[in-house]
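These numbers come from the heavy atoms of this one structure, side chains and all, not from hydrogens, waters or symmetry mates. Position 1 is the first residue of the sequence, and the numbers go up from there.
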Amino acid sequence: MTYRAAVNEFSFMIDHLLDTGALRKTARFEDATADLTAAILGEAGKLSDGVIAPLQRPGDLHPARLENGIVRTSPGFAEGFKAIAEGGWIGISANPEYGGMGLPMILNYSVNEMMSGACLSLQLAPLMSQGQIEALEHHGSDALKALYLPKLISGEWTGTMNLTEPQAGSDVGALKSKAVDNGDGTFAVTGQKIYISWGDHDVAENVCHLVLARLPGAPAGTKGISLFLVPKFIPNEDGTLGARNGVSTVSLEHKMGLHGSPTAVMQYDNATGWLVGPEQGGMAAMFTMMNNARLGVGGQGIGVAEAAYQHALAYARDRKQGRAGADGKGSIIDHADVHRMLAGMKADIFAARSIAISCAYALDMSHATGDPAWAARAALLTPIAKAFGTDTGIAVCETALQVHGGMGFVEETGAAQFSRDVRVTAIYEGTNGIQAMDLVARKMMDGGEAAALLFDEMEADIEIARPHFPNMADSVWQACESMREATEWLVSQDELRTRFAGAVPYLRAFARIIGAHMHLKAAVADLGGPREKLARFYIQRMLPEHMGLLAHAQAGDADLFAITAEELAS
């Protein structure tokens with residue numbers, strides 16, 4: 001099956017769903033012209049289709065392996081990463097002062113999603129580097145920036161993030177890794193980290209780790225954590241590689257999927273590291289990287305969904321079975337249930353992608369204007385983009401397998417790999433439950449102001465659509481008002497446990513309604529076209545889900561915790 005990057009979809013969204021004109025009027029992004037945007041999307045599509053996608057199956061069949069302390073990556077991965085690096089794709093949004101392109105995040109997001117659909121195992125490597133680049137741009141010293149950023153942006157070196165430890169999963173504050181001041185501007189870092197994506201490999205000459213650790217005397221919990229840059233090889237002042245650092249790969253995880261991505265257990269034994277940001281400022285610095293990664297991970301889920309959808313669509317169009325079609329000899333795509341599954345997959349991919357690229361746009365406007373309202377919009381959309389994007393990836397891949405029928409359960413078709421690869425995206429970079437709790441707690445500390453502003457803008461767009469589609473507009477308007485009321489109820493709840501009990505359905509309802517709004521905008525831009533038809537399907541058949549979700553979200557926690565732990569086990 002041949003993968004085709006969704007270049008036309010990204011072009012449509014950038015041209016019709018986002019106010020790209022306003023972005024191009026800013027001094028920061030005035031060079032991101034329509035012609036440049038088209039060229040970037042087109043070239044990234046060619047790279048994804050022709051170079052990266054052919055590595056998808058080899059990465060699954062021939063996993064990364066650890067041999068005598070050396071990590072060997074899957075066949076073709078080194079060449080694939082080289083193509084990504086030499087094309088400048090790692091630094092697409094990085095600072096031009098250090099070799100980046102300085103282009104908007106909407107383009108960075110689009111490129112990353114295309115590559116995720118082509119081969120997620122490989123795309124993880126540049127995504128990790130991009131997060132580290134952003135963290136260093138914001139928190140690194142001038143010396144660290146000058147030495148590391150050009151190498152990371154060029155792909156000569158790669159970056160990782162090291163949070164999780166065996167005894168400390170999502171509870172990062174329980175980490176035991178420690179750092180001791182060497183007295184010469186460096187620190188000796190000791191500890192073990194697990195689940196480190198691309199923690200070691202053979203596709204670049206150096207691996208640079210961002211490691212959370214605690215200095216002596218620092219307080220317990222997250223407030224006492226500092227962040228350190230710990231390279232595999234200690235670089236000389238001129239950027240050449242010096243001595244091997246006290247960093248080793250203990251093992252590679254045996255995973256359900258993403259076999260081509262080496263997920264390492266990393267050991268640090270008095271490894272030389274440099275402080276990034278202030279002492280005890282590690283979480284703030286790391287969250288810069290994590291928030292970048294959360295949007296990227298949402299895009300990973302959507303990218304794999306796109307690939308799985310294409311795979312299922314091709315199968316459904318080719319597979320002859322049963323009496324379908326006008327002559328009773330058609331393909332299974334003519335069966336109503338298969339048609340329903342494919343339409344639902346396509347509609348949800350559009351909704352999830354529109355939310356994610358809207359989040360990227362808000363980040364761009366925040367960076368370009370400094371307006372705190374845009375920063376608040378990006379913060380609000382980030383957990384929704386991550387959770388709904390990855391939930392959509394999992395659901396679409398599962399449905400794609402169902403379209404294949406029994407052949408989906410046979411590994412040779414490749415349908416199962418999508419489900420195995422995408423499943424972890426709902427877990428890493430903060431589980432989707434954590435994303436939902438972040439949405440209803442931290443992101444509502446403004447009393448729901450950012451959400452209310454978004455509802456106002458959505459309803460203004462709905463009024464523009466109303467003359468064309470009065471029934472669809474009314475459905476989306478009513479859903480938006482229901483979401484507004486649910487948000488007002490939410491922020492009135494002082495007990496976080498009450499909010500948390502309904503956090504996941506609240507987030508999903510929010511995504512459903514934003515998705516409906518974006519489908520409606522697309523219908524206005526494509527009157528009588530396929531996007532209008534897809535919008536009707538989504539709004540009539542999928543949007544009504546929000547009603548049950550909001551009932552769940554506002555049910556409180558009393559009935560939930562009335563069921564005791566003992567009763568759950570009985």
Legend entry - R214, CZ atom: more than 12 neighbouring heavy atoms under 6.0 Å: yes
Inset, instruction - Step by step, work out the side chain to side chain contact (heavy atoms under 4.5 Å, CB included) result for L18 and L23. - result: CA-CA 9 Å; L18 308 176; L23 186 67; over 6 Å; no
Inset, instruction - Measure the spacing between CD1 of I14 and CD of E9 and express it to the nearest 0.5 Å. - result: 11.5 Å
Inset, instruction - For the residue pair S116 and Q123, confirm or rule out a side-chain donor-acceptor distance under 3.5 Å. - result: yes
Inset, instruction - For residues M114 and F10, determine if any side-chain heavy atom of one lies less than 4.5 Å from a side-chain heavy atom of the other. - result: yes
Legend entry - side chain to side chain donor-acceptor pair (under 3.5 Å) between D238 and T240, worked out: CA-CA 6 Å; D238 62 358; T240 58; 2.6 Å; yes
Legend entry - Within 6.0 angstrom of N68 CG, more than 12 heavy atoms from elsewhere: no
Inset, instruction - Would you give the length of the straight line joining atom OG1 of T73 to atom CZ of R65, rounded to the nearest 0.5 angstrom? - result: 8.5 Å
Inset, instruction - Would you sort out whether N236 and L241 count as a side chain to side chain contact (heavy atoms under 4.5 Å, CB included), showing the intermediate values? - result: CA-CA 6 Å; N236 300 311; L241 297 185; 6.0 Å; no
Legend entry - Side chains of S366 and L363 in contact at under 4.5 Å (non-hydrogen atoms): no
Inset, instruction - Would you confirm whether D421, through its side chain, and L258, through its main-chain N or O, come within 3.5 Å as a donor-acceptor pair? - result: yes
Inset, instruction - Could you tell me whether E79 and K82 make a salt bridge, using a distance below 4.0 angstrom between a side-chain N and a carboxylate O? - result: no
Inset, instruction - For residues Q192 and V265, determine if any side-chain heavy atom of one lies less than 4.5 Å from a side-chain heavy atom of the other. - result: yes
Inset, instruction - On the 0 to 90° scale, with breaks at 30° and 60°, tag the H367-H138 ring pair as parallel, tilted or perpendicular. - result: tilted
Inset, instruction - Specify the closest pair of heavy atoms between A387 and L507, including all atoms of both residues, with the distance to one decimal. - result: CB-CD2, 3.7 Å
Inset, instruction - Could you tell me whether the side chains of Y268 and N245 share a donor-acceptor contact shorter than 3.5 Å? - result: no
Legend entry - Atom of T186, atom of D181 and distance for their closest heavy-atom approach: O-OD1, 3.5 Å
Inset, instruction - For atom CD of E237, decide whether the heavy atoms of other residues, nucleotides or ligands shown that lie under 6.0 angstrom number more than 12. - result: no
Inset, instruction - Examine distances only and state if a side-chain atom of S93 and a backbone atom of L103 form a donor-acceptor pair shorter than 3.5 Å. - result: yes
Inset, instruction - Say whether, by atom type as modelled, one donor and one acceptor occur between the side chain of S74 and the main chain of H62 under 3.5 angstrom. - result: yes
Legend entry - Approximate separation, where rounding is to 0.5 Å, of I92 CD1 and I40 CD1: 5.0 Å
Legend entry - Pair T37-R24, side-chain donor/acceptor within less than 3.5 Å: yes
Legend entry - Test item: W198 side-chain N/O and L127 main-chain N/O as donor-acceptor pair under 3.5 Å: no
Inset, instruction - Check the surroundings of atom OH in Y195: do more than 12 heavy atoms from other residues, nucleotides or ligands lie under 6.0 Å from it? - result: no
Inset, instruction - State whether a side-chain donor-acceptor pair under 3.5 Å links T390 with N432. - result: yes
Legend entry - Distance-only donor-acceptor check, side chains T263 and K255, under 3.5 Å: yes
Legend entry - Side-chain donor/acceptor of S48 to backbone N/O of A5, under 3.5 Å: no
Legend entry - Closest approach of C359 to T382 (non-hydrogen atoms, all atoms of both residues): SG-OG1, 3.5 Å
Inset, instruction - Measure across L175 and A213 and return the closest heavy-atom pair with its distance rounded to 0.1 Å. - result: CD1-CA, 4.1 Å
Legend entry - Nearest heavy atoms of P231 and V247, plus distance in Å: O-CG2, 3.9 Å
Legend entry - Salt bridge present between R420 and D60 (N-O < 4.0 angstrom): yes
Legend entry - side chain to side chain contact (heavy atoms under 4.5 Å, CB included) between L380 and M444, worked out: CA-CA 8 Å; L380 179 72; M444 295 295 166; 4.2 Å; yes
Legend entry - Pair N112-Q130, side-chain donor/acceptor within less than 3.5 Å: yes
Inset, instruction - Verify, without hydrogens or angle tests, whether N182 (side chain) and D184 (backbone) share a donor-acceptor contact under 3.5 angstrom. - result: no
Inset, instruction - Output the distance between atom CD1 (I84) and atom CZ (F77), rounded to the nearest 0.5 Å. - result: 9.5 Å
Legend entry - Full working for side chain to side chain contact (heavy atoms under 4.5 Å, CB included) between L212 and S177: CA-CA 7 Å; L212 290 178; S177 294; over 6 Å; no
Legend entry - Main-chain N/O of M105 paired to D364 side chain as donor or acceptor, under 3.5 Å: yes
Inset, instruction - Flag yes if more than 12 heavy atoms outside R244 fall under 6.0 Å of its CZ atom; otherwise flag no. - result: yes
Legend entry - E165 (side chain) donor-acceptor with K176 (main chain) under 3.5 angstrom: yes
Inset, instruction - Report yes if the side chains of R377 and L381 come closer than 4.5 Å at any heavy-atom pair, otherwise no. - result: yes
Legend entry - Side chains of K193 and V211 in contact at under 4.5 Å (non-hydrogen atoms): yes
Inset, instruction - Check whether any side-chain heavy atom of S154 sits under 4.5 Å from a side-chain heavy atom of I90, and report yes or no. - result: no
Legend entry - K178 NZ: over 12 foreign heavy atoms closer than 6.0 Å: no
Inset, instruction - State whether Y428 and R294 meet the cation-pi test: NZ (Lys) or CZ (Arg) under 6.0 Å from the six-membered ring centroid, and within 45° of the perpendicular axis. - result: no
Inset, instruction - Just say parallel, tilted or perpendicular for the rings of Y148 and W157, cut-offs at 30° and 60°. - result: perpendicular
Inset, instruction - Answer yes or no: does atom CD of E449 have more than 12 heavy-atom neighbours from other residues, nucleotides or ligands under 6.0 Å? - result: no
Legend entry - Side-chain donor or acceptor of S11 paired with backbone N/O of V7 under 3.5 Å: yes
Inset, instruction - State, without any angle test, whether T190 and D269 hold a side-chain donor-acceptor pair at a distance under 3.5 Å. - result: no
Inset, instruction - Check the angle between the aromatic planes of H201 and F81 and answer parallel, tilted or perpendicular using the 30° and 60° thresholds. - result: tilted
Inset, instruction - Check whether any side-chain heavy atom of Y109 sits under 4.5 Å from a side-chain heavy atom of I106, and report yes or no. - result: no
Legend entry - Under 3.5 Å donor-acceptor, K386 side chain and G430 backbone: yes
Legend entry - Gap separating the CG atom of N206 from the OG1 atom of T158, nearest 0.5 angstrom: 7.5 Å
Legend entry - Interatomic distance, I355 atom CD1 to L295 atom CG [nearest 0.5 angstrom]: 11.5 Å
Inset, instruction - Report yes if the side chains of K46 and V51 come closer than 4.5 Å at any heavy-atom pair, otherwise no. - result: no
Legend entry - Exercise: identify the closest heavy-atom pair between L66 and V71: CD1-CG2, 3.8 Å
Legend entry - Test side-chain contact (heavy atoms from CB on, under 4.5 Å) applied to T160 and M266, K232, H209, the passing residue: H209
Legend entry - Electrostatic pair K25-E30, nearest N-O below 4.0 angstrom: no
Legend entry - salt_bridge(R4, E306) N-O dist < 4.0 Å: no
